[in-house]
Amino acid sequence: MERVRTRFAPSPTGRMHVGNLRTALYAYLIAKHEGGDFLLRIEDTDQERFMEGALEIIYRTLEHAGLEHDEGPDKDKGYGPYVQSERQAKGIYLEYAKKLIEKGEAYYCFCDKERLESLKQVVAGKEIAIYDKHCLHLSKEEVQQKLDAGVPYVIRQNVPNEGTTKFEDEIYGTIEVPNAELDDMILIKSDGFPTYNFANVVDDHLMEITHVVRGNEYLSSAPKYNRLYNAFGWKVPVYVHCPLITDEEHKKLSKRSGHSSYEDLLDQGFLPEAIVNYVALLGWCPADNREIFTLKELVEAFDYHHMSKSPAVFDMNKLRWMNGEYMKAMDPDKFYELALPYIRKTITRELDFRKIAEMVRTRIEVFPDIAELIDFFEAVPEYDVSMYTHKKMKTTGESSLQVLREVLPLLEKQEDYSNDALYELLVNFAKEHEYKNGYVMWPIRTAASGKQMTPAGATEIMEILGKEETLSRLRAAIEKLENEN
RNA sequence: GGCUCCAUGGUCAAGCGGUUAAGACAUCGCCCUUUCACGGCGGUAACAGGGGUUCAAAUCCCCUUGGAGUCACCA
């Protein structure tokens, strides 16, 4: 059996879209599942859209996500160069385009912008244009004459107006399109660069790609590529078109949604593993319905025949949940290391950050959630005394004031401010006075934090705060209750 | 608008002619509990509609409807 080779072929135009990331992931998984090769090819044929630094983003993202390529611009295994601008400099594309011209499958076109413009028509608010094969009928001599005169030209594919063209997709089955729908697309642009459509076919063949994995948006133009393969007499690769990823409005994910790129997601505090895991499940489901996978496990389990055809909504909620799962499962040291910068951002005093990190861990889904959970450690926020009233705990402002007054001297005497010692002290206190635990703990926690919800119980908070700070907070609370009740 | 694709709960999705139509997220309730969370248990919630084919249809076919994609010297 031939060795499986897939490729990821992004163009360096900016951050990596999550749709592209998933395409890359699937391409990677298909190759690795079969022990094959995953290559990276840079499609920089559009000089206008080229963005400085975009190349670095591509490398960084792939590495970060764990999608290590076996071949690419930085790892030439004999199929290079792997950058299309370098390949075009070698004349590869023009050479193949000329072969097509000889076969009558392509032709020179000298039409200028104005003429092309006149071909456009507006349908349903959208501009559409189908080339009218105007230059197809130029004689050899006329063509040569224009070429000699240096008239700018492009090379177009020649698609007949009659008949249909079909191709096979692994996911979608047979797709057949009337040839009249297939525009005579440009293969070589007037600047000498190939278009994506053409460069793709040539490079995939030359690089011996066996499975072409790409987004669903290419589905309707795929027959054109098939014609190219056939015209060259090349073996058509296996097509795997991935279903679209959409936003909540069921539209193609766009930059406006704010989470359209991998790096947007990182900025929002998501873990690479969680993003990769989540995105893998958008359009694919393992036989056993499992949801949490490492990349390695995905390689093992991935079978592209189980991919779905319909578009999938990118659900932030579920990503957040999954991210939370990864956090809970994370090694404590690693979690601490990752959480520390976020903790430091809101707490400037020196506290036991390790303990704080562990407190926060099961309560957050994403790192930025940390801030509002722990801000009270820095300073007690303004709060209303009504917070002392809790019907389940049976506490009121008065009862709280009383409990705080009773408990204060005990806490002043107490030297051991560890959680266990404090807990024992307070539970015993409650027992002696025949109070319910919550009746005592609620006011203390409120006094110590000024918050309705905290990432831990009263005594854990006191432990972190330490004796001095705890006492000063309790005294302030007593004063507050005296004044406002 | 032409062409192409798609159609199971709010979302991701199992399902490949016979199921009480899974599971997960979200949501709601209960339990646990020094609050919240975690965890545990449970609830609400779906085969777009209409025709066929068949003993039997969420599953196969057709139509309708709805949605999406695409129609560049962008990829």
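Residue numbering restarts at 1 for every chain, and letters A, B, ... go by the order of the sequence lines. Since the model is a prediction, treat every value here as computed from it, not as a measurement. All values below come from the heavy atoms of this structure, side chains included, with hydrogens, waters and symmetry mates left out.
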[X] vs [N]: side-chain N/O to OP1/OP2 distance below 4.0 Å:
X        : N     : result
A:Ser310 : B:C5  : no
A:Thr459 : B:U34 : no
A:Lys189 : B:A75 : yes

Set of residues satisfying ring-ring contact (aromatic ring centres under 6.0 Å, His included) with respect to [X], sequence neighbours excluded:
X        : result
A:Tyr196 : A:Tyr218
A:Tyr423 : none
A:Tyr262 : A:His64
A:His433 : A:Phe429, A:Tyr435

Pairs: protein N or O with nucleotides 26-33 of chain B N or O, under 3.5 Å:
| residue | atom | partner | partner atom | Å |
| --- | --- | --- | --- | --- |
| B:U33 | O4 | A:Lys392 | NZ | 3.0 |

Has the side chain of A:Asp169 got a donor or acceptor atom that lies under 3.5 Å from a matching backbone atom of A:His241?
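It does hold such a pair.
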
Between the side-chain atoms of A:Arg445 and the base atoms of B:U35, is any donor-acceptor pair under 3.5 Å?
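By the distance-only test, yes, there is a pair.
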
Let's test your reading of the model: under 3.5 Å, does the base of B:C36 pair with the side chain of A:Arg363 as donor and acceptor?
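When only heavy-atom distances are counted, A:Arg363 does reach the base of B:C36 through a donor-acceptor pair under 3.5 Å.
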
Nearest-Å distance once atom [atom1] is located in both [N] and [M]:
N     : M     : atom1 : value
B:U59 : B:U19 : P     : 13 Å
B:C73 : B:G69 : C1'   : 23 Å
B:C16 : B:U11 : P     : 23 Å

Sort and list the pairs that fulfil salt bridge (Lys or Arg N to Asp or Glu O under 4.0 Å) and have at least one residue in residues 178-205 of chain A, not counting sequence neighbours.
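Applying salt bridge (Lys or Arg N to Asp or Glu O under 4.0 Å) to every pair that reaches into residues 178-205 of chain A, excluding sequence neighbours, yields A:Arg7-A:Asp204, A:Arg41-A:Asp203, A:Arg41-A:Asp204, A:Arg87-A:Asp203, A:Lys133-A:Asp184.
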
Centre of A:Phe376's six-membered ring, under 6.0 Å away, within 45 degrees of the axis: is that where NZ or CZ of A:Lys451 sits?
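No.
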
Should [N] form a Watson-Crick or G-U wobble pair with both distances under 3.5 Å, which nucleotide is its partner?
N     : answer
B:U4  : B:A68
B:U54 : none
B:U11 : B:A24

Would you please say whether a donor-acceptor pair under 3.5 Å links the side chains of A:Asn179 and A:Thr165?
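Yes, A:Thr165 and A:Asn179 have a side-chain donor paired with an acceptor closer than 3.5 Å.
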
Which nucleotide in the set B:A13, B:G1, B:G39 lies at the smallest distance from any side-chain heavy atom of A:Ala312?
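So the side chain of A:Ala312 is nearest to B:A13.
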
If you pin A:Asn419 and A:Glu43 to their nearest nucleotides in RNA chain B, which one's is more 5'?
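The answer here is A:Asn419.
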
Quick check: on RNA chain B, is the nucleotide nearest A:Ser308 upstream (toward 5') of the one nearest A:Asn437, or the reverse? Name the residue that is more 5'.
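Result: A:Ser308.
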
Once salt bridge (Lys or Arg N to Asp or Glu O under 4.0 Å) is applied, do any residues pair with A:Asp132, and if so which ones, sequence neighbours excluded?
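If we apply the salt bridge (Lys or Arg N to Asp or Glu O under 4.0 Å) test to A:Asp132, skipping adjacent residues, the hits are A:Arg115.
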
Under 4.0 Å between any heavy atoms, over every strand shown, what does A:Gly125 touch: base, sugar-phosphate, or nothing? Just pick one.
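Contact class for A:Gly125: none.
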
Note: A:Glu469-A:Arg473 ion pair, threshold 4.0 Å (strictly below)
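A salt bridge is present here (some side-chain N lies under 4.0 Å from a carboxylate O).
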
Nucleotide N/O of nucleotides 41-48 of chain B paired with protein N/O under 3.5 Å:
none

Please list each protein N or O that sits under 3.5 Å from an N or O in nucleotides 67-69 of chain B, with the distance.
| residue | atom | partner | partner atom | Å |
| --- | --- | --- | --- | --- |
| B:A68 | OP1 | A:Lys251 | NZ | 3.2 |
| B:G69 | OP1 | A:Lys252 | N | 3.3 |

Those residues that, when tested against A:Asn317, pass side chain to side chain contact (heavy atoms under 4.5 Å, CB included) (two or more places apart)
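In terms of side chain to side chain contact (heavy atoms under 4.5 Å, CB included), with neighbours along the sequence ignored, A:Asn317 is linked to A:Asp315.
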
I would like to know whether A:Tyr93 and A:Phe193 meet ring-ring contact (aromatic ring centres under 6.0 Å, His included); could you show each step before the answer?
CA-CA 8 Å; A:Tyr93 305 111; A:Phe193 276 84; 8.7 Å; no

When you compare the protein's N or O atoms with those of nucleotides 19-22 of chain B, which come within less than 3.5 Å of each other, and at what distance?
| residue | atom | partner | partner atom | Å |
| --- | --- | --- | --- | --- |
| B:A22 | N1 | A:Asn289 | OD1 | 3.1 |
| B:A22 | N1 | A:Asn289 | ND2 | 3.3 |

Between the protein and nucleotides 58-62 of chain B, which nitrogen or oxygen pairs are less than 3.5 angstrom apart?
none

